[in-house]
Novice: 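Take this structure first; my questions come after.
Here, residue 1 is the first one in the sequence, and each next residue gets the next number. Just so we're clear, the structure is a prediction, and the values are computed from it rather than from any experiment. Basis for what follows: all heavy atoms, side chains included, without hydrogens, waters or symmetry-related copies.
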Amino acid sequence: EKRSEHVWELLADKRLHRTIEMTNFDNDEAEERFYRILQVSGVRETLREGGCQQGDTIVLAGYEFEYRDDESVMGVLAKEAGYLD
């Protein structure tokens with residue numbers, strides 16, 4: 001559900017809610033795993049089809065994160081750190 005122009009709120013099933021609770025978002029590898037789960041579960045595709053864009057805020061089970069349309073979070077982090085052009 002789109003709450004405002006750049007904020008989306010989603011309902012999480014029990015499994016996804018538990019995944020969020022167990023993910024250490026300060027750890028790049030854990031964050032990468034979380035984004036892969038969103039990809040496999042169809043959440044990213046649903047968001048993309050609904051009009052969600054790079055940088056929009058996603059609220060899922062009380063956790064806010066930035067939507068990244070890139071396939072690999074590690075690639076995004078490497079670009080942000082200046083390792084990739």
Side-chain angles (χ1 to χ4, degrees):
E1 172 182 324
K2 192 170 185 175
R3 287 183 19 192
S4 67
E5 185 175 349
H6 296 286
V7 178
W8 300 75
E9 186 167 7
L10 303 173
L11 299 176
D13 63 14
K14 288 181 183 182
R15 186 173 33 170
L16 190 53
H17 195 286
R18 181 164 166 78
T19 300
I20 292 167
E21 290 177 344
M22 294 175 57
T23 300
N24 175 3
F25 289 97
D26 293 326
N27 178 299
D28 292 342
E29 292 171 358
E31 187 176 2
E32 172 75 20
R33 180 179 176 275
F34 174 72
Y35 276 91
R36 282 194 314 267
I37 290 170
L38 291 183
Q39 180 70 31
V40 171
S41 67
V43 171
R44 288 182 61 198
E45 183 177 344
T46 299
L47 287 167
R48 189 178 311 119
E49 289 174 357
C52 191
Q53 298 177 10
Q54 182 85 4
D56 284 358
T57 300
I58 307 300
V59 180
L60 185 61
Y63 174 75
E64 290 189 15
F65 62 97
E66 181 180 313
Y67 177 77
R68 295 180 175 167
D69 200 22
D70 301 58
E71 294 299 319
S72 169
V73 171
M74 296 306 281
V76 171
L77 295 173
K79 285 179 188 176
E80 289 175 356
Y83 292 110
L84 302 173
D85 292 326

Novice: If the condition is side chain to side chain contact (heavy atoms under 4.5 Å, CB included), which residues does Arg33 pass it with, not counting sequence neighbours?
Specialist: Thr19, Arg36, Ile37
Novice: Per the ring pair (Phe, Tyr, Trp, His ring centres under 6.0 Å) rule, what does the pair list look like for residues 38-63, sequence neighbours excluded?
Specialist: Phe25-Tyr63, Tyr63-Phe65
Novice: So do the side chains of Phe34 and Leu60 get within less than 4.5 Å of each other, counting heavy atoms only?
Specialist: yes
Novice: Of the non-hydrogen atoms in Ala30 and Thr23, which two are nearest, and what is the gap between them?
Specialist: O-CG2, 3.7 Å
Novice: Using side chain to side chain contact (heavy atoms under 4.5 Å, CB included) as the criterion, list what pairs up with Asp26, not counting sequence neighbours.
Specialist: Asn24
Novice: Quick one: does Val7's side chain get under 4.5 Å of Asp56's, heavy atoms only?
Specialist: no
Novice: Taking only residues two or more places apart in sequence or in another chain, which ones pass side chain to side chain contact (heavy atoms under 4.5 Å, CB included) with Glu64?
Specialist: Thr57, Val59
Novice: For a quick test of reading the model, state the closest non-hydrogen atom pair linking Glu66 to Tyr35 and the distance between them.
Specialist: O-OH, 2.7 Å
Novice: Looking at every heavy atom in both Trp8 and Cys52, which two are closest together, and how far apart are they?
Specialist: CZ2-N, 3.4 Å
Novice: Please identify each residue that fulfils side chain to side chain donor-acceptor pair (under 3.5 Å) with Glu21, with sequence neighbours left out.
Specialist: His17
Novice: Quick one: are Ile58 and Leu38 in side-chain contact, heavy atoms under 4.5 Å?
Specialist: no
Novice: Nearest 0.5 angstrom please: His6 NE2 to Gln53 CD, how far?
Specialist: 7.0 Å
Novice: Would you say Met22 and Arg18 make side-chain contact, with heavy atoms under 4.5 Å?
Specialist: yes
